[in-house]
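Only heavy atoms go into these numbers, but all of them, side chains included; no hydrogens, no water, no symmetry mates. Proteins get letters first, then strands, A, B, ... in listed order; numbering begins at 1 in each.
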There are 2 protein chains.
Amino acid sequence: MGDVWKALADPSRREILVLLRKRDMNAGEIAENFDMSKPSVSNHLNILKQADLVSAEKRGQNVVYSLKTGVFEEIMRLLMSLTDKQED
Amino acid sequence: MGDVWKALADPSRREILVLLRKRDMNAGEIAENFDMSKPSVSNHLNILKQADLVSAEKRGQNVVYSLKTGVFEEIMRLLMSLTDKQED
DNA sequence: TAGACAGTTAGACAATTTTCTAATTATCTA
DNA sequence: TAGATAATTAGAAAATTGTCTAACTGTCTA
């Protein structure tokens, strides 16, 4: 299981998540939004997948990526616990 | 203004934040909690400061660090917006 | 089934990041 | 004021990360 925080550290990867918020997209559609080679985007998608922030489903010759929101809750929990001093 | 996400990407820095959740600490006290040279810790503290995640106040020959929770809200807002699909 | 298309893998390279030791600055106290 | 203590700055080395091109795999369709 990859590092969620490291995954979120890169601005391109955060932008991918924002894109996927609107709708599921395949790798090519995602890549169109970036001034970057396709393998680079593929690499970012892989890091997001390992961090469990997106899921990938092969559909024909495309791979459709979707946002996975489950992990966010965990992150938010940690952030909230930092916000509330002295708890724990 | 430094990058908050990059600041949060490092596990040692996140641990520093958790330490400061309990109470304010000076640089030396923080460093005691890590198997790392003092300059390295100092570097991490500087990155956290630039990201506005901690504040530093010189008190005598010590520098006391405190958690700054303001920025978390911004992060949480972004995370929440990702959680709620299709909004915006 | 041959060629085109979508996507990933492999390998190399450049940039960034983390860490160290040594040196420096600032403050306290005997 | 001299020496000790707290912390940072400087500069270098090692590790990690992001990016590229070239090559490969799998799927579709004419």
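Of the candidates C:dG7, D:dT9, D:dG18, the closest approach to any side-chain atom of A:I47 belongs to D:dG18. Side-chain proximity of A:A27 to C:dA26, D:dA7, C:dT8: nearest is C:dT8. In the set D:dA7, D:dT8, C:dA26, D:dA7 carries the atom at the smallest distance from any side-chain atom of B:N26. For A:V63, taking side-chain heavy atoms from C-beta onward, the closest of the listed nucleotides C:dT18, C:dG7, C:dT21 is C:dG7. Minimum atom distance to the side chain of B:S42 is reached by D:dT8, of the listed C:dA6, D:dT8, C:dA26. For A:N43, the side-chain atoms get nearest to D:dT19 when compared with the rest of C:dC20, C:dT8, D:dT19. Here C:dC20 is the nucleotide among D:dT27, C:dT9, C:dC20 with the atom lying nearest to any side-chain atom of B:M36. Listed nucleotides C:dC28, C:dG7, D:dC28 differ in distance to B:Q61; the shortest reach to its side chain belongs to C:dC28. Nearest to the side chain of B:P39, among D:dT21, D:dT27, D:dA10, sits D:dA10.
Residue B:L45 is the one, among B:L45 and A:K58, whose nearest nucleotide of DNA chain D lies closer to the 5' end (criterion: closest heavy atom). Nearest-nucleotide positions on DNA chain C place A:V41 closer to the 5' end than the other of A:K6 and A:V41. A residue-by-residue look at A:S12 and B:K38 shows that B:K38 has its nearest nucleotide of DNA chain D further toward the 5' end.
Within 4.0 Å (heavy atoms only), B:R13 reaches sugar-phosphate atoms of the nucleic acid but no base atom. Counting any heavy atom pair closer than 4.0 Å across all strands shown, B:F34 reaches no nucleic acid atom.
The line from OH of B:Y65 to CG of B:L45 is 4.5 Å long, rounded to the nearest 0.5 Å.
Distances shorter than 4.0 Å separate none of the side-chain N or O atoms of A:H44 from OP1 or OP2 on D:dT17. Considering only side-chain N and O atoms, A:S37 lies nowhere under 4.0 angstrom from the phosphate OP1 or OP2 of D:dT19. Neither OP1 nor OP2 of D:dA6 sits under 4.0 Å from any side-chain N or O of B:Y65. Here A:S40 reaches the OP1 or OP2 of D:dC20: one of its side-chain N or O atoms lies under 4.0 Å away.
A:K49 places its NZ atom 7 Å from the P atom of C:dT8, with the value rounded to the nearest Å. In this entry the distance linking CG of B:D3 with P of D:dT17 reads 15 Å, nearest Å. One atom, CD of A:E32, and another, C1' of C:dA6, lie 12 Å apart when rounded to the nearest Å. Rounding to whole angstrom units, CG of residue B:L48 and P of C:dT17 are separated by 14 Å. Rounded to an integer number of Å, the gap from B:N62 CG to C:dT27 C1' is 10 Å. Distance CD (B:Q50) to P (D:dT9): 10 Å, rounded to an integer number of Å. When rounded to the nearest whole Å, the span between CZ of B:R59 and C1' of C:dA26 equals 17 Å.
Screening B:V54, B:D52, B:L53 for a side-chain contact (heavy atoms from CB on, under 4.5 Å) involving B:K68 leaves a single residue, B:D52. In summary, of the residues considered (A:E15, A:K49, A:R13), a side chain to side chain donor-acceptor pair (under 3.5 Å) with A:H44 occurs for A:R13 alone.
Checked by atom type and distance alone, the side chain of A:R14 pairs as donor or acceptor with a backbone atom of A:L8 at under 3.5 Å. For the pair A:N33 (side chain) and A:E29 (backbone), a donor-acceptor distance under 3.5 Å is present. Side-chain N or O atoms of A:Q50 include none that pairs as donor or acceptor with a backbone N or O of A:I47 at under 3.5 Å.
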